[in-house]
Undergrad: 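To start, I am sharing the structure in question, which I have written as structure tokens.
One-based numbering, in listed order, for ligands and for the atoms of each. Being a predicted model, the structure only gives us computed values, none of them experimental.
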Amino acid sequence: MKDNQHEQLFTELTAEFEATAIQELDNETAAAIGGGYNIQFYDNNNFTELLGSWNDGGKPTLISNDKISSIIVNDGEWRLYADPNYKGAAHTYGPGKYVLPSDLNNKVSSFIRVG
Ligand SMILES: [Ca+2]
């Protein structure tokens with residue numbers, strides 16, 4: 001019975017993690033259907049560990065808080081902030097690939113499309 005309980009707990013934890021991941025990636029799914037993403041966030045410095053994708057608007061509080069280290073902007077201008085609710089250190093990025101500077105690396109807590 002103990003093994004079963006252990007397995008059940010693991011299953012619940014996995015389901016919880018997946019729910020969190022899916023929530024962050026909802027817009028990626030939408031973008032995939034639409035044919036592209038306007039901004040993509042990565043955990044590392046070489047654009048391979050995708051944290052999430054976004055097309056429009058912004059997010060005042062990120063699930064991937066304090067994790068983003070690089071971004072790819074495919075369209076629009078986006079402003080990234082070190083603090084929630086569009087506050088703190090900020091930089092604006094147009095189309096391109098960027099490794100975030102030290103005042104934003106692993107510190108981004110909100111972002112919004114500004115152009
Ligand atoms: Ca990171």
Undergrad: Which of parallel (below 30°), tilted (30 to 60°) and perpendicular (above 60°) describes Trp54 and Phe111?
TA: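 The rings of Trp54 and Phe111 stand perpendicular, inter-plane angle above 60°.
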Undergrad: What class does the angle between the rings of Tyr86 and Tyr81 fall in, given that below 30° is parallel, 30 to 60° is tilted and above 60° is perpendicular?
TA: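 The arrangement is perpendicular - the two ring planes meet at more than 60°.
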Undergrad: Taking all atoms of both residues into account, what is the closest heavy-atom pair of Ser109 and Ala82, and its distance?
TA: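 That would be OG-O, 3.0 Å.
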Undergrad: State whether Lys67 contributes an N/O/S atom found under 3.0 Å from the Ca ion (ligand 1).
TA: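 Of the N, O and S atoms in Lys67, at least one lies under 3.0 Å from the Ca ion (ligand 1), which means yes.
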Undergrad: Determine the sole option in Leu80, Ile68, Leu51 for which the side chain to side chain contact (heavy atoms under 4.5 Å, CB included) test with Leu62 is passed.
TA: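 Of the listed options, the one satisfying the test is Ile68.
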Undergrad: Are any N, O or S atoms from Asn45 nearer to the Ca ion (ligand 1) than 3.0 Å?
TA: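 No - counting backbone and side chain alike, Asn45 has no N, O or S atom under 3.0 Å.
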Undergrad: Quick one: the OD1 of Asn106, the Ca ion (ligand 1), OD1 of Asp43 angle, rounded to 10°, please.
TA: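 Between OD1 of Asn106 and OD1 of Asp43, the angle at the Ca ion (ligand 1) is about 140°.
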